[in-house]
Amino acid sequence: MVLIKIDSLSQNELEYIAQQEGIKDFDTLSREELIDELKEIYDDDYSESLSVTGENVNKRYVAGLSAYRGDVNEELPSLPGVEKLPELYPETAIHVLNKNASWLYCYWSIAPGDLESYDLKFGSYELYLNVNVTGKDKSEKYDILIGRDDVEWNISVPLVNGECRVSLVLQTKEKRYLLAMSESVPLVYCYWLNNPIDKIYDEALFRHYVAPLTNRDGYIIPSDIVEEIVDKVKNEVEK
């Protein structure tokens, strides 16, 4: 569910939402009038939801702006200026993005024509992601078996100062074929793992670094890198 600030929407976007909400003569209303009409609808929705759930949460406009109220059997119309993404791409390629210090996000596509040619040429084969991590002090390479319908994967990486490249490969009983290779992405280097103790004595700086790693209740979000940092800090303190 996406929180949308209604005052930031354009005239076209407001008219689109007003049309979905069944506001009469929406195309004759000014931007300010559209905002007032929609706010009245979503304020009512929010009040009804609050009276039912009893939750004290700030979710104004959320349900109305992110939920479709028309016939669920009908195809949803697109927002103004938004194009529908294709289900398949006409190229075989692979891409990798950093999620955080411990994880990479990998996505790929295999052109339908390429899949057909693989089926005709090889018959039986398997697809793999070959992960190649190159670090200053540690390097490793390993395979991840994927299905032919898979298009994305989250990859756990070691905490090293280096880079990672992922290849899409096809494996038959006799041979291995490279289908596509990603660009190298730098792995996130964690200063704390090498120099954790000096930050403890600067409370303001410590809070600055820890705040993004905690939830609204102040508890640390589960993370391999956070656990490793905490363990190292404890060891330093106990020395």
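The analysis underlying the following values was restricted to heavy atoms, covering all of them including side chains, and did not include hydrogens, waters or symmetry mates. We count residues from 1, following the sequence as given. No experiment lies behind these values; they were computed from the predicted model shown.
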Min side-chain heavy-atom separation [X]-[Y] under 4.5 Å:
{"X": "Leu179", "Y": "Tyr118", "value": "yes"}
{"X": "Ile146", "Y": "Leu168", "value": "yes"}
{"X": "Asp143", "Y": "Arg176", "value": "yes"}
{"X": "Asp119", "Y": "Tyr125", "value": "yes"}
{"X": "Ile23", "Y": "Leu38", "value": "yes"}
{"X": "Phe26", "Y": "Leu14", "value": "no"}
{"X": "Ile94", "Y": "Ser167", "value": "no"}

Side-chain heavy atoms nearer than 4.5 Å, only ILVMFWY residues, links allowed to pass through others: does that put [X] and [Y] together?
{"X": "Leu127", "Y": "Ile155", "value": "yes"}
{"X": "Phe122", "Y": "Val169", "value": "no"}
{"X": "Met181", "Y": "Tyr177", "value": "no"}
{"X": "Tyr105", "Y": "Val166", "value": "no"}
{"X": "Leu178", "Y": "Leu129", "value": "no"}

Check: Asp150 main-chain N/O paired with Trp108 side-chain donor or acceptor under 3.5 Å:
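The answer is yes, because a donor-acceptor pair under 3.5 Å joins these two groups.
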
Among side-chain atoms of Glu15 and Gln11, is any donor-acceptor pair under 3.5 angstrom?
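Looking only at side-chain atoms, Gln11 and Glu15 do form a donor-acceptor pair, the distance falling under 3.5 Å.
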
Pair Tyr142, Glu140: side-chain N/O donor-acceptor within cut-off below 3.5 Å:
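No, no side-chain donor-acceptor contact under 3.5 Å.
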
Nearest 0.5 Å, what's the [atom1]-[atom2] distance between [X] and [Y]?
{"X": "Tyr107", "Y": "Ser182", "atom1": "OH", "atom2": "OG", "result": "10.5 Å"}
{"X": "Trp153", "Y": "Trp103", "atom1": "CH2", "atom2": "CH2", "result": "10.5 Å"}
{"X": "Leu34", "Y": "Glu21", "atom1": "CG", "atom2": "CD", "result": "12.0 Å"}
{"X": "Leu170", "Y": "Arg148", "atom1": "CG", "atom2": "CZ", "result": "10.0 Å"}
{"X": "Arg165", "Y": "Asn130", "atom1": "CZ", "atom2": "CG", "result": "11.0 Å"}
{"X": "Gln171", "Y": "Ser124", "atom1": "CD", "atom2": "OG", "result": "11.0 Å"}

Qualifying residue for side chain to side chain contact (heavy atoms under 4.5 Å, CB included) with Ile35, from Arg31, Glu37, Glu33:
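Filter result, single survivor: Arg31.
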
Out of Val96, Leu187, Asn98, which residue meets the side chain to side chain contact (heavy atoms under 4.5 Å, CB included) rule with Val157?
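Answer to the side chain to side chain contact (heavy atoms under 4.5 Å, CB included) test with Val157 among Val96, Leu187, Asn98: Leu187.
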
So which atom in [X] and which in [Y] form the shortest heavy-atom distance, rounded to 0.1 Å?
{"X": "Ala180", "Y": "Ala93", "value": "CB-CA, 3.9 Å"}
{"X": "Ser117", "Y": "Asp114", "value": "OG-O, 2.6 Å"}
{"X": "Ala111", "Y": "Pro90", "value": "CB-C, 3.8 Å"}

